[in-house]
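One structure is given here, and the rest of the page talks about it.
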Amino acid sequence: MKSPIPKVKDLVLVGGGHSHAIVLRILAMRPVAGLRITLVSAASHTPYSGMLPGMVAGHYRFEEAHIDLSRLCQWADVRFIVGEVVGLNPSKRCLSLRGRPAIEYDLLSLDVGSQPELDSVPGAATHAVPVKPVAQLWQRWEALRLRLEQRNSEHATSIAIVGGGAGSVELALAMAHRLPRGSVEIALYCGAAKILPDYNTRARQAVVEALNSKAVRVFTDARVASVDAGHLQLSDGQHASFDELFWCTGATAAPWLAASGLPVDEQGFLQVSDTLQSLADNAVFAAGDIATQVDHPRPKAGVYAVRQGPVLAHNLCAALLDEPLRQHRPQQRFLSLLSLGDKSATADRGPLSASGSWVWHWKDYIDRKFMARFENLPSAMSRRHRGALVPATAQPPCGGCGAKVGADMLLQTLQSLAKDFHEQLLHPTESDDVSPIPRVDQAVIYQSIDALRPLVSDPWVMGRIAANHALSDLYASGMKPLSALALVVVEFASNEILKRELEQLLAGALHEFRMVGCRLTGGHSMQGPEVNMGFAVNGVPIAEDGRRLGKQTAQLGDRLVLTKALGTGVLFAGAMQLLADGRDITKAIESMLISNGSAAELALTYNASACTDITGFGLLTHLQEMLGDRLGAKLWAPRLPVLDGALPLLASGVRSTMHAANQTAAPAVEIAGAVAPALVDILHDPQSSGGLLIAVPAQEAELLVGALHALGHCQSAIIAELVPRDPRRPITISSQTPTAKP
């Protein structure tokens, strides 16, 4: 058996900009042995800036103009963390993230783009919609477009756009093209004497003609002095009114970058050398809008970020392998292709210019060719190694107890976490070979155990999912948790990376335990070829009278309420095959992170007769356990809550590896009516941290669902009723739903 290569260095990429997308592709093709790469991004998709005006104009779908970072990281074997960086400590080589533990790095690269400078104009931050970060422009535009479509008014909506550069001009033309003539009045306010001051005369004239043809009013020398609700105050004393205001002028950096102490320019952008390294810290690299090359300053434009990508990839590897770094020399001029709203564009480079529909098709070809690099990922790669951080003579990792995590490291990790989770974590000095289970009024204590293989690459999220998954069996029985024991397997790595991984995994679990008052009393940890995490959990009845929920105590006529949507199994199977959309994976993770604790309390409140949780065996097999040999069930297929993306994957033939076994073990069913095959297949899909299936009296079912929705279980639904058993077909799947509420 080939010995795994332990990870010894952490490269962390912050931001999913153009440069980092290129870096991920290059490093996937030529990986560095022993290097662990992590991408931190605020969203699963990153937009390609050149296609955003086309999206607003309606020429491109979301998927065509965005890189799916979740899918790219899955393909590249890169950890993907959805999070927002709010602080950087270079001396500790540590990044602070909003709402979760900090992460450490050995080498850091930043490609987080820029944001509009709003603070210099009073009222702008309150009343304007900033165009940057560009990742949020699509959501803002779609929200506005829907509002305008639903708005019933005799008066046209007034849209003001502040700015006179290429971004503001393209936005104005795209909006004017997409929205019906007469429904809006668009005005562009430019503080300079003319729009597009860096463009040549012919290109500028083509843009002016396009603006005039689409009735976009342009005001030059119109610098905005302040903004009030619905009004612009210009510096010359003039006023202008608006219904919607977009801000597309100036650019600045996130404030945490300057607060780090690293050298920045006047706008807060990180100053870097021609090797793309911070002037004060060789362990910090930056590219794209967030970086300013002090010896070769250039405007903020995506074309420079694309050119920086290959040099950045080389230099990150070279810095790790102690090899020579390359110098990046940005070009003096670049070809600018500016969309004119409809499928026409103008080209500008120095004194040369051209306009027309053929220019748009040229631009479209260039943009689609770039995006194809991240859509059409090679299905099989040679994985040639650039180099190795691990000596060839290093001893292979041991098995058995030789794979245990060192006692000192484990103690240090627990001591560190004890500062934040002291009420949920047994103090390390109190540990023994066994741990007591806290008791409450001499109540009987119930115990369960569950574990998960790696499902997501973010260790903090994995810890949270594993904790929720293990606690779910307690909740399904009407229990509240008291304590837990952990079993954690971390991937073979250096001591420093082991410590970092343990901290993230355990902090994630403790985050969930803290929410429900569960104490982690101890456990066992070891190294292995992949992360595994499980918990033995203990609890006592939620109900004061000691009542608990059983699986086979449901009653004839009960309704079945499912508290979470189905589909995690097929979605993550699809992700492994690079077939799932990152947005759908994000929603699946959000579903798995919903605790079943409040649902269990509500089940007892609304007189539930039985309950089980839906996990690896799928809904039908778990339902069969609930029915026993007394009852049958009529499932209403249209009412089944299903996660986005799951049914199309099933229809295309994607299946979890557990699907076939679940299908074999499931009871015989009768299909009544035209039920889509994928809706039948979803009933066999294995769930991780799935929802509860609650049997409740018919008169209580709607009340229970309403209460569940109010507490955030928004996909809860009544999916079935319990009927007399037909031994031949105990379960009927109906294409119809009842006409009357129970």
Side-chain angles (χ1 to χ4, degrees), residues 49-60 131-132 134 137 156 158-182 184-224 232 234-236 238 240 242 246-251 298-304 331-367:
S49 58
M51 298 175 84
L52 274 174
M55 283 180 61
V56 173
H59 305 319
Y60 300 117
V131 172
K132 290 188 176 182
V134 292
L137 176 58
S158 173
I159 299 176
I161 301 174
V162 176
S168 56
V169 166
E170 285 189 304
L171 181 62
L173 289 168
M175 287 181 172
H177 174 78
R178 185 67 180 275
L179 299 172
R181 181 70 68 92
V184 293
E185 295 177 350
I186 301 175
L188 184 63
Y189 295 88
C190 174
K194 56 186 177 182
I195 62 170
L196 304 174
D198 297 327
Y199 281 62
N200 67 47
T201 302
R202 289 180 59 195
R204 188 183 309 110
Q205 184 59 37
V207 171
V208 170
E209 290 175 1
L211 290 167
N212 289 336
S213 70
K214 291 179 171 55
V216 176
R217 295 179 298 158
V218 178
F219 299 90
T220 56
D221 287 322
R223 187 171 300 279
V224 177
L232 298 177
L234 305 181
S235 57
D236 62 0
Q238 299 275 341
F242 64 84
F246 287 82
W247 204 268
C248 192
T249 181
R298 294 289 187 272
K300 304 300 180 184
V303 64
Y304 293 116
Q331 68 269 41
Q332 289 285 350
R333 293 177 176 175
F334 65 91
L335 174 66
S336 175
L337 298 172
L338 192 150
S339 297
L340 299 178
D342 52 10
K343 290 186 177 181
S344 63
T346 187
D348 173 278
R349 179 160 182 167
L352 304 177
S353 177
S355 300
S357 61
W358 70 269
V359 178
W360 187 90
H361 288 290
W362 179 25
K363 171 179 165 56
D364 177 63
Y365 170 78
I366 293 172
D367 291 340

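Counting begins at 1 with the first residue of the sequence. Only this structure's heavy atoms are used, side chains among them; waters, hydrogens and symmetry mates stay out.
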Test Leu335 against Trp362 for side chain to side chain contact (heavy atoms under 4.5 Å, CB included), laying out the working first.
CA-CA 12 Å; Leu335 174 66; Trp362 179 25; 3.5 Å; yes

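- With contacts defined as side-chain heavy-atom distances shorter than 4.5 Å, the pair Tyr199/Leu338 qualifies.
- Taking each heavy atom of Gly163 and Leu188 in turn, the nearest pair found is O-CD1, 3.1 Å.
- Distance CD1/Ile195 to OG/Ser168: 8.0 Å, rounded to 0.5 Å.
- Within 6.0 Å of CZ on Arg298 lie more than 12 heavy atoms contributed by other residues, nucleotides or ligands.
- Nearest heavy-atom pair, Ser355 versus Ala206, reported as atom, atom and distance to 0.1 Å: OG-CB, 3.3 Å.
- Under the 4.5 Å side-chain criterion, counting only non-hydrogen atoms from C-beta, Pro351 is not in contact with Asn200.
- At least one donor-acceptor pair under 3.5 Å links the side chain of Glu170 to the backbone N or O of Ser339.
- Atom CG in Asp367 sits 9.0 Å away from atom CH2 in Trp360 (nearest 0.5 Å).
- The nearest pair of heavy atoms linking Val359 to Ala345 is CB-O, 3.5 Å.
- Under the 3.5 Å distance criterion, the side-chain polar atoms of His59 are matched with a main-chain donor or acceptor of Gly341.
- The two residues Met175 and Ile186 have their closest heavy-atom pair at CB-CD1, 3.8 Å.
- In this structure, the side chain of Ser344 does not engage the main chain of Ser357 through any donor-acceptor pair within 3.5 Å.
- Side-chain contact check for Val56 versus Leu52: every heavy-atom pair is 4.5 Å or farther apart.
- Arg204 contributes a side-chain N or O that, together with a main-chain N or O of Leu196, makes up a donor-acceptor pair within less than 3.5 Å.
- Rounding to the nearest 0.5 angstrom, the gap separating the CD1 atom in Ile366 from the CE atom in Met51 is 12.0 Å.
- Looking only at atom types and distance, the side chain of Tyr60 has a donor-acceptor partner in the side chain of Asp364 under 3.5 Å away.
- Scanning all heavy atoms of the two residues, the minimum distance from Ala57 to Arg178 falls at O-CD, 3.4 Å.
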Please step through side chain to side chain contact (heavy atoms under 4.5 Å, CB included) for the pair Tyr189 and Leu232, ending with a clear verdict.
CA-CA 10 Å; Tyr189 295 88; Leu232 298 177; 3.8 Å; yes

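- If you take CG on Leu171 and CZ on Phe246, they are separated by 6.5 Å, rounding to the nearest 0.5 Å.
- Rounded to the nearest 0.5 Å, atoms NZ (Lys214) and CG (Leu179) are 12.5 Å apart.
- At a threshold of 4.0 Å, the pair Arg202-Asp348 does not count as salt-bridged, since none of the basic side-chain nitrogens sits closer than that to a carboxylate oxygen.
- Val218 places none of its side-chain heavy atoms less than 4.5 Å from the side chain of Val208.
- Arg217 contributes no side-chain N or O that, together with a main-chain N or O of Ala187, makes up a donor-acceptor pair within less than 3.5 Å.
- Scanning both residues, Ala176 and Val216, for their nearest heavy atoms gives CB-CG2, 3.9 Å.
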